Amino acid sequence: MRSIKPSPTQEKPWLHVLLIVIAIAYLALVLLMPAANVLFQAFHEGVMPFVENLLEPDFLHAVWLTFALALVVVPLNTVFGLCAAWAIARHRFPGRTLLLSIIDLPFSISPVVAGLMLVLVYGRNGWLGGWLQALDIRVIFSFPGMVLATAFVSLPFVAREVIPVLEEIGTEQEEAAKTLGANEWQTFWRVTLPNIRWGLLYGVLLTNARAMGEFGAVAVVSGNVAGLTQTLPLFVEDAYKNYNTASAYAAAVILGLLALVTLVVKEILERKTGIKPNP
Amino acid sequence: MTATHPISPSLSPQKQRRQFPWVWRITVFYLLVMLAVPIAALLSRASSAGPVHFWQVATRAIALSAYEVTFVTALIAALINGVFGTLIAWVLVRYSFPGKRFFDAVVDLPFALPTAVAGLTLATVYSENGWVGSLLAPFGIRIAFSRWGVAVAMLFISLPFVIRTVQPVLTEMEKDVEEAAWSLGATHGQTFWRVILPPLMPAILTGVALGFSRAVGEFGSIVIISSNTPFRDLIASVLVFQSLEQYDYEAATIIGTVMLLVSLAILFLINLLQAWGRRYAEH
């Protein structure tokens, strides 16, 4: 007769420890050591060199430009994301799944290819090139092109996060508000928006992180001129390429801070709502 | 109640669409300007080359080697993350240990950290004088500024996908089935291969495909950690970028189109995998 075996979850505790150690070692090797290295490199000669690097005019301009880009792109993509989410979550129509995939497209297209597409539309030899030149409007190698590139790569986030929330809350409350005489705007501001606020905030947070951190698409359309069209991520690469490692790491710390804030707010939102959004 | 009454609660989809036409207009207009026009510009420019010339440029030796470096390295990185990602998801869902919440939160770092910073710090840590690179240098292994560096950057940026696709499936999976298999006399190995792994497979493969797709398109971190030498560690996006810098718009367009078509194929594959996963979940 077989003796009663202990439950699999109780047996072989060394196996659990081994698996946990492997998991942590892998995360340390790929994620944690590189992250710690950013802080180490920026501060290993003390705080003063770090601060001096932060006062460089090119650096300050890059910070300003990065914020300006996010300030334009995040509201644009938020309005679009809300409209698209409403259109998709509140209606059934042929091609609905296709529309969802189309909105996700920017995630699968390489940022460099995205930048290339914009050059082919707005560049000097592009579709609208002659027309823009006649009107003396510069898109490529200037701010509008960088806005378009950043908006392209961060387009899907808001819609992706809001659609599942809209689908889950259903239409009962909205219909009740309408029955009670609320118009579309009142229904949206007083009923729908409060219900979707956490999902919306999550989408805005991811949009912002991507907008401030985008490299490839912006590198293609900006021309990467220090003090003119250089954002923080471009500044990091440029400084590193010119063997100015100290100022590259000073800028990297600022971008790392952005990542840290993003992760902390993300964690708070996930605990508040109890959802783990899809990757 | 007449259908035209303004406070009619039962709204047909057509009616709602008429009440909110600007929502549709904004959605369609934005997608046209942001996506349709740029994609059309790329495809029309690429097709103007003619099929023979397109094929010649798309299959130049330098391009072929860039595809090979990109796709093979991305596949290897995605598969390695498939194994370790499943293991990490398992550990995070099933075991409790100090710092678990921290490690769970840190998994999303590659989504939050700008890729230029990732490339910069990986290039330092895995260089000959870096924390990890200096340990491997005595064995003649160079990671940064070689194809290994490309692989490390791809490992970094594609790490979260498998973990985040497998975690919810593991959480849903009931322990009863494993315990049943166990009490019926299955060994650890049998329980893992025959009971635990099969229902996880769609999620693991979806995560691998998502990670692969991300790694194939990656530019920022790789352009920094790689030496970008043709036929050694030059990837396809860097080749497109370099062609643009040399004003070779034709080569950039054609190689960019090849990459776009490959990403569309991967996206299609991911959709199939997700449909398979949903069917699996319903059984």
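The structure presented is a predicted model; accordingly, all values stated were derived computationally and were not measured.
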Proximal component of B:Ile255, with respect to chain A [non-hydrogen, under 4.5 Å]: neither

For A:Ala36, is it the side chain, the backbone, both, or neither that has a heavy atom closer than 4.5 Å to a heavy atom of chain B? both

For A:Val119, is it the side chain, the backbone, both or neither that has a heavy atom under 4.5 Å from a heavy atom of chain B? side chain

Contact origin within A:Ala251 toward chain B - heavy atom pairs under 4.5 Å: neither

Closest non-hydrogen atom pair between A:Ala84 and B:Thr27, with its separation: N-OG1, 3.5 Å

Which portion of A:Leu19 sits near chain B, non-hydrogen atoms under 4.5 angstrom: both

With only heavy atoms counted, which part of B:Tyr95 is less than 4.5 Å from chain A, the side chain, the backbone, both or neither? side chain

Heavy-atom contact with chain A under 4.5 Å, split by part of B:Phe268: neither

Contacting region of A:Val220 [heavy-atom separation from chain B under 4.5 Å]: both

Would you say A:Gln41 and B:Thr121 make side-chain contact, with heavy atoms under 4.5 Å? no

Please determine whether side chain to side chain contact (heavy atoms under 4.5 Å, CB included) holds for the pair A:Val17 and B:Phe97, giving the CA-CA distance in whole Å, both sets of side-chain angles, and the decisive distance to 0.1 Å. CA-CA 9 Å; A:Val17 175; B:Phe97 54 94; over 6 Å; no

Closest contact, heavy atoms only, B:Phe156 versus A:Val30: CD1-O, 3.2 Å

Which portion of B:Leu159 sits near chain A, non-hydrogen atoms under 4.5 angstrom: side chain

Could you tell me whether the side chain of A:Phe215 reaches within less than 4.5 Å of the side chain of B:Val223, counting heavy atoms only? yes

Aromatic plane relationship, A:Phe40 with B:Trp131 - under 30° parallel, 30 to 60° tilted, over 60° perpendicular: tilted

So what's closer than 4.5 Å to chain A heavy atoms on B:Ala40: side chain, backbone, both or neither? both

Side chain, backbone, both or neither of B:Phe102 within contact of chain A (heavy atoms, under 4.5 Å): side chain

Any side-chain heavy atom of B:Ile39 sitting closer than 4.5 Å to one from A:Leu105? yes

Looking at side-chain heavy atoms only, is the closest gap between A:Trp127 and B:Ser44 below 4.5 Å? yes

Sort out for me which of A:Leu116, A:Leu27, A:Ile88 touches chain B most, counting heavy-atom pairs under 4.5 Å. A:Leu116

Shortest non-hydrogen contact from B:Ala116 toward A:Val236: O-CG1, 4.1 Å

Specify which of A:Leu32, A:Thr262, A:Leu258, A:Asn183 makes the most heavy-atom pairs with chain B at under 4.5 Å. A:Leu32

Using heavy-atom distances under 4.5 Å, tell me whether B:Leu244 contacts chain A through its side chain, its backbone, both, or neither. side chain

Can you tell which of A:Leu148, A:Leu76, A:Asn77 makes a side-chain contact (heavy atoms from CB on, under 4.5 Å) with B:Met34? A:Leu148

Output the option from A:Gly213, A:Gly216, A:Pro34 having the highest count of non-hydrogen pairs under 4.5 Å with chain B. A:Pro34

Under 4.5 Å between any side-chain heavy atoms of A:Phe107 and B:Leu267, yes or no? no

Kindly say whether the aromatic ring centers of A:Trp185 and B:Trp22 come within a distance under 6.0 Å. yes

Part of A:Lys266 lying under 4.5 Å from any heavy atom of chain B: side chain

Whether the A:Tyr26 and B:Asn81 side chains hold a donor-acceptor pair (N or O, under 3.5 Å, no angle test) is what I'd like checked. yes

Flag the pair B:Leu87 / A:Ile22 as yes when at least one side-chain heavy-atom distance between them is below 4.5 Å, and no otherwise. yes

Side chain, backbone, both or neither of A:Ile102 within contact of chain B (heavy atoms, under 4.5 Å): both

Determine, using ring centers only, whether A:His91 and B:Trp24 are less than 6.0 Å apart. yes

Passing candidate, side-chain contact (heavy atoms from CB on, under 4.5 Å) with B:Pro38, options A:Leu118, A:Val113, A:Leu120: A:Leu118

Taking the side chain as C-beta and beyond, is there a heavy-atom pair between B:Met259 and A:Val112 under 4.5 Å? no

With a 4.5 angstrom heavy-atom cut-off, which part of A:Leu29 approaches chain B: side chain, backbone, both or neither? both

With side chains defined as the heavy atoms from C-beta onward, is the minimum distance between A:Arg271 and B:Arg101 less than 4.5 Å? yes

Could you tell me which portion of B:Phe29 (side chain, backbone, both or neither) has an atom closer than 4.5 angstrom to a non-hydrogen atom of chain A? neither

Nearest non-hydrogen partners of A:Tyr240 and B:Leu120, listed with the distance: CD1-CD1, 3.3 Å

